[in-house]
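Read through the structure below, which is laid out as structure tokens, and then see the notes.
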Amino acid sequence: MPAKTPTEPAQATAPSAPSAVPDEAVTPLIRGVAVLRELTEAGGTLSPSALERATGLARSTVDRITATLARMGYVRVDGRDVTLTPRVMELGNAYLAALRLPALLSARADALADELDESVSLAVADRDGIRFIHQATRRRALSLSFSIGDLLPAERTAPGPLFATEWTDTDWHRWRARRSADPRDHGFPAVPPRERPHADDDFVRRTRQAARDGWALDDQLIEPGLVAISAPVRDPGTGRVACVASVVSHTSRHAADDLTTTLLPRLREAVTAMEEDLRTPPAPTPPPPHAPLATWAAATKHALGRGFIESLARGLTVLTAFGEGRGRLTLTEVAKATGLARATARRALITYEHMGLVSQEAAAFSLTPRVLALGFPPLSRTTLPEIATPHLNDLTARIQESTALAVDTPRSGEIVYVARATHHRVMSADLPLRHPLPSTETSAGRVLRAALPHAVEDAELEAGLRTLSVPVHDTSGTAIAALTTATHAARRTREECERTLLPELLTTARAIEQDLHTASRFTRVRLT
């Protein structure tokens, strides 16, 4: 279905005042979301003092919010800093699973990136901006730094004009108001601020051209050297733009004028295949029912008292009620999925609708792309060593022995330690980081090569060193890494290692796996 050519709306007046907070909104939930957003925009880590300044909340309120988020596993409080953890990605995962587009189209985007040797992305509209829902990036010296969930202003992208072909007059007025209030794009941390504002007429012209051509171009709108070409993927049922696929390059590889001849034909072929995939999607597989989270929140509140904000924990639980096969839910369905009372679920949904995280149509609610702003972008490019390191530190502190994580190298018969935590004593084990070691001479190598449940190795690397390793599995159950601890043989017998150290290693391996599985559901987690 061809898009209508937009007509330029009348000039917008001053930005309208923000809507009043509904009487039934949950104030602690609004504050908790504000903390998650500030942590996201800061790259994942801020001190409590910085959060206090950024949110305008009292320090005691910040401390209670971060303590609650830490109890939920969404942040980690390390001394002076509060850091987002992979567990918080379950909020964005709920949106992406409910949307279904990444699951249905990402393989096509990945194949196109491999064929063209260029980065390929999928994006959806978020009011007058765009958010990435999938990235297939090429690893080279000049690479893209955009992450899944990043928000970009529509007028500085190739997908923007394609989405704007469907804007209403209200959408155009909102866009002009935002441009007037923030001419240098300080509200978009993912892009560099503008050096000089572009005329509004330029975006209107590009939108009209996109409506005529069926594709759009980004000629260094974000920063010098960056070029992209985009085409819309339309919903076969409605004909509206479901998402936009883009091929991104730089001017040393492709001049902007060349993109229509070098990349556009193959992009259009891929988009046609994507639309066919949307026409005949497989039946969704709903996730298993949630545990009784309402009961957990109440029990945790009873145990921790005033330091735990039960209404915040319950409110965040509402977002995870959505998922594959649960893209649109009624109030009754949300309450049933979370174990919350209808009144509690209703107040959370009212709060989220006010903040733009949930939309309502008739009697059904659905998540918006704005949910991705709650921690997803800075974690969407996390690596296995980054996931494992906090767990290694905790494990080392508990068992008073050095620990490390090993993975296979591209060369057959070798492993390499990619993360470690060292326990310092007069004679301590120093497992070499990023130095290839023979698989056959290490307990980690034996676990990875022989698929053993755990292995003990004596005299690994040198006489007197005893190591114990257990596997870390990906979502398919394949052992992709080995968690290792090392000690001197004089300190612990083999039997003592298995009796006292093995249970601790297994517990830590499961914790790493949980974070890995959450982080890798819609993103690629590099092993090194």
Side-chain angles (χ1 to χ4, degrees), residues 36 39-40 43-46 66-78 81-97 102 135 147-149 287-288 290-291 293 296 300 313 316-317 319-320 323 371-372 374-399 403-408 417-421 444 447-448 469-485 503-528:
L36 287 175
L39 284 168
T40 302
T45 299
L46 279 175
T66 55
T68 302
L69 294 174
R71 187 70 174 188
M72 298 184 73
Y74 287 172
V75 303
R76 185 176 65 254
V77 182
D78 293 330
D81 290 327
V82 179
T83 302
L84 295 171
T85 69
R87 177 74 178 272
V88 78
M89 295 177 74
E90 72 179 15
L91 303 178
N93 284 346
Y95 164 73
L96 294 173
Q135 290 278 5
S147 302
I148 296 174
H290 281 282
L293 296 174
W296 171 86
T300 305
L316 290 173
T317 295
L319 296 179
T320 64
V371 173
L372 292 172
L374 306 183
F376 209 91
L379 294 168
S380 66
R381 290 195 176 187
T382 193
T383 65
L384 183 57
E386 290 169 338
I387 289 173
T389 295
H391 296 288
L392 295 180
N393 291 335
D394 291 343
L395 176 60
T396 290
R398 292 198 308 271
I399 66 176
T403 60
L405 190 80
V407 298
D408 280 324
Y417 292 110
V418 294
R420 68 180 176 185
V447 163
L448 289 171
S469 296
V470 298
V472 174
H473 303 91
D474 63 12
T475 53
S476 70
T478 302
I480 60 167
L483 174 62
T484 300
T485 185
E504 295 283 0
L505 261 67
L506 290 173
T507 297
T508 299
R510 300 298 84 80
I512 294 173
E513 287 175 350
Q514 184 180 29
D515 282 354
L516 172 63
H517 298 173
T518 301
S520 61
R521 186 172 181 188
F522 292 105
T523 67
R524 289 188 180 88
V525 175
R526 291 191 291 110
L527 300 186
T528 59

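What you see below is based on every heavy atom in this structure, not just the backbone, and it leaves out hydrogens, waters and symmetry mates. The first residue of the sequence shown is numbered 1, and numbering continues consecutively from there.
- Closest non-hydrogen pair, Ile387 versus Ala519, comes out as CD1-CB, 4.0 Å.
- In terms of modelled atom types and a separation under 3.5 Å, the side chain of Ser147 and the main chain of Ser380 share no donor-acceptor contact.
- Leu84 CG to Leu46 CG: the interatomic distance, rounded to the nearest 0.5 Å, is 9.0 Å.
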Could you go through Phe376 and Val88, starting from their C-alpha distance and side-chain angles, then the distance that decides it, and tell me whether this counts as side-chain contact (heavy atoms from CB on, under 4.5 Å)?
CA-CA 7 Å; Phe376 209 91; Val88 78; over 6 Å; no
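- Within the model, atoms OG1 of Thr403 and CG of Leu505 stand 8.0 Å from one another, a figure rounded to the nearest 0.5 Å.
- The two residues Tyr417 and Ala404 have their closest heavy-atom pair at CD2-CB, 3.5 Å.
- Ser520 and Leu516 make their closest contact through OG-O, 2.7 Å (heavy atoms, listed as atom of the first residue, atom of the second, distance).
- Using a distance-only test at 3.5 Å, with no hydrogens or angles considered, no donor-acceptor pair links the side chain of His473 to the main chain of Ala509.
- For Pro471 against Glu513, the heavy-atom pair with the smallest separation is O-OE2, 4.0 Å.
- For Asp78 (side chain) and Thr83 (main-chain N/O), no donor-acceptor pair under 3.5 Å exists by modelled atom type.
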Pair Gln514-Arg87, side-chain contact (heavy atoms from CB on, under 4.5 Å): steps then yes or no
CA-CA 8 Å; Gln514 184 180 29; Arg87 177 74 178 272; 4.1 Å; yes
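- The side-chain heavy atoms of Thr508 and Arg398, taken from C-beta on, include a pair separated by under 4.5 Å.
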Could you go step by step and tell me if Thr383 and Val418 meet the side-chain contact (heavy atoms from CB on, under 4.5 Å) rule?
CA-CA 10 Å; Thr383 65; Val418 294; over 6 Å; no
One pair to check against side-chain contact (heavy atoms from CB on, under 4.5 Å): Thr485 and Glu504. What are the steps and the verdict?
CA-CA 10 Å; Thr485 185; Glu504 295 283 0; over 6 Å; no
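- Taking both residues in full, the closest heavy atoms of Arg76 and Thr85 are given as N-CG2, 3.6 Å, listed atom of the first, atom of the second, then distance.
- Considering only heavy atoms from C-beta on, Pro378 comes within 4.5 Å of Thr40 through its side chain.
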Enumerate donor-acceptor pairs with a distance under 3.5 Å from any side-chain N or O in residues 388-395 to protein atoms, sequence neighbours excluded.
residue	atom	partner	partner atom	Å
Thr389	OG1	Pro385	O	2.7
His391	NE2	Asp515	OD2	2.8
Asn393	ND2	Thr389	O	3.4

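- Contact check for Leu384 versus Ile512: side-chain heavy atoms found under the 4.5 Å cut-off.
- Annotation: side chain of Val472 is in contact with side chain of Leu405 (closest heavy-atom distance under 4.5 Å).
- Side-chain contact check for Thr320 versus Asn93: every heavy-atom pair is 4.5 Å or farther apart.
- Side-chain atoms of Val82 and Leu69, non-hydrogen and from C-beta on, never get closer than 4.5 Å to each other.
- Here Leu316 contributes atom CG and Met72 contributes atom CE; the two are 5.0 Å apart, rounded to the nearest 0.5 Å.
- Among residues two or more places apart in sequence or in another chain, the salt bridge (Lys or Arg N to Asp or Glu O under 4.0 Å) test is passed with Glu386 by none.
- Looking at residues two or more places apart in sequence or on another chain, you find no salt bridge (Lys or Arg N to Asp or Glu O under 4.0 Å) involving Asp474.
- Looking at Thr528 and Val407, their side chains come closer than 4.5 Å, going by heavy atoms from C-beta outward.
- Formation of a donor-acceptor pair under 3.5 Å by the Ser469 side chain with backbone atoms of Thr484 is not found in this model.
- Annotation for Leu91 and Leu36: closest pair CD1-CD1, 4.3 Å, computed over non-hydrogen atoms.
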